[in-house]
Amino acid sequence: MAKGPEAFRTISEASEEVGVAQHVLRFWETRFSFIKPMKRAGGRRFYRPRDITAIKALKRLLHDEGMSIAEVQSLYRGRRRPPAPVGDGTSPPAMPDLARPAPALEAALAGLERAKARLDTLLACC
């Protein structure tokens, strides 16, 4: 029986759904602060639907768009805003919406697409 869209995923389920190995997910946790699956007793990871969305966006940037880890980290830092105080001001900051690209990311992607088009033109002539 398949899990519903709002169900939490184990690391093996998340790995399969996103299309990367489990060790890659663990590595990305060490490099990207916005990837924080819930951990239960014994350290077992559970990924929320928003975690899966963020990981899919991250995979697209790293694998499909060819960005480096440092470039993605820089984009993420550029998006970060101070959290608005909630209640007593001790609430954790909201997780960024990585499914919706920031204007800076859209501009960077447009530049990459133009560069790729130029390279394709140069390679086609040879």
Show me the donor-acceptor pairs within less than 3.5 Å that the side chains of residues 16-23 make with the rest of the protein, sequence neighbours left out.
unit_1: Glu17; atom_1: OE1; unit_2: Arg9; atom_2: NE; d: 3.0
unit_1: Glu17; atom_1: OE2; unit_2: Lys56; atom_2: NZ; d: 3.4
unit_1: Gln22; atom_1: OE1; unit_2: Arg26; atom_2: NH2; d: 3.3

Anything under 3.5 Å between a donor and an acceptor, one on a side chain of residues 40-47, the other on a protein residue two or more places apart or in another chain? List them.
unit_1: Arg45; atom_1: NE; unit_2: Glu29; atom_2: OE1; d: 3.4
unit_1: Arg45; atom_1: NE; unit_2: Glu29; atom_2: OE2; d: 2.7
unit_1: Tyr47; atom_1: OH; unit_2: Glu29; atom_2: OE2; d: 3.1

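By the side-chain hydrogen bond (donor to acceptor under 3.5 Å, both in side chains) test, Thr30 pairs with no residue at all, sequence neighbours left out.
Below 30°, between 30° and 60°, or above 60°: for Trp28 and Phe32 the angle between ring planes is above 60°, a perpendicular geometry.
The distance from the NZ atom of Lys36 to the CZ atom of Arg48 is 10.0 Å, given to the nearest 0.5 Å. Here Asp51 contributes atom CG and Leu58 contributes atom CG; the two are 12.0 Å apart, rounded to the nearest 0.5 Å.
Residues Leu62 and Leu25 share a single hydrophobic cluster, defined by chaining ILVMFWY side chains whose heavy atoms lie under 4.5 Å apart. At a threshold of 4.5 Å between side-chain heavy atoms, the hydrophobic network of Ile, Leu, Val, Met, Phe, Trp and Tyr places Ile55 and Ile69 in one connected group. Connection of Ile35 to Phe27 is established within a shared hydrophobic cluster, with ILVMFWY side chains joined at heavy-atom distances below 4.5 Å, either directly or through further cluster members. Following chains of ILVMFWY side-chain contacts shorter than 4.5 Å, one cannot reach Phe34 starting from Phe8, and the two form parts of different hydrophobic clusters.
Panel note: side chain Glu71, backbone Ser68; a donor-acceptor pair is recorded below 3.5 Å.
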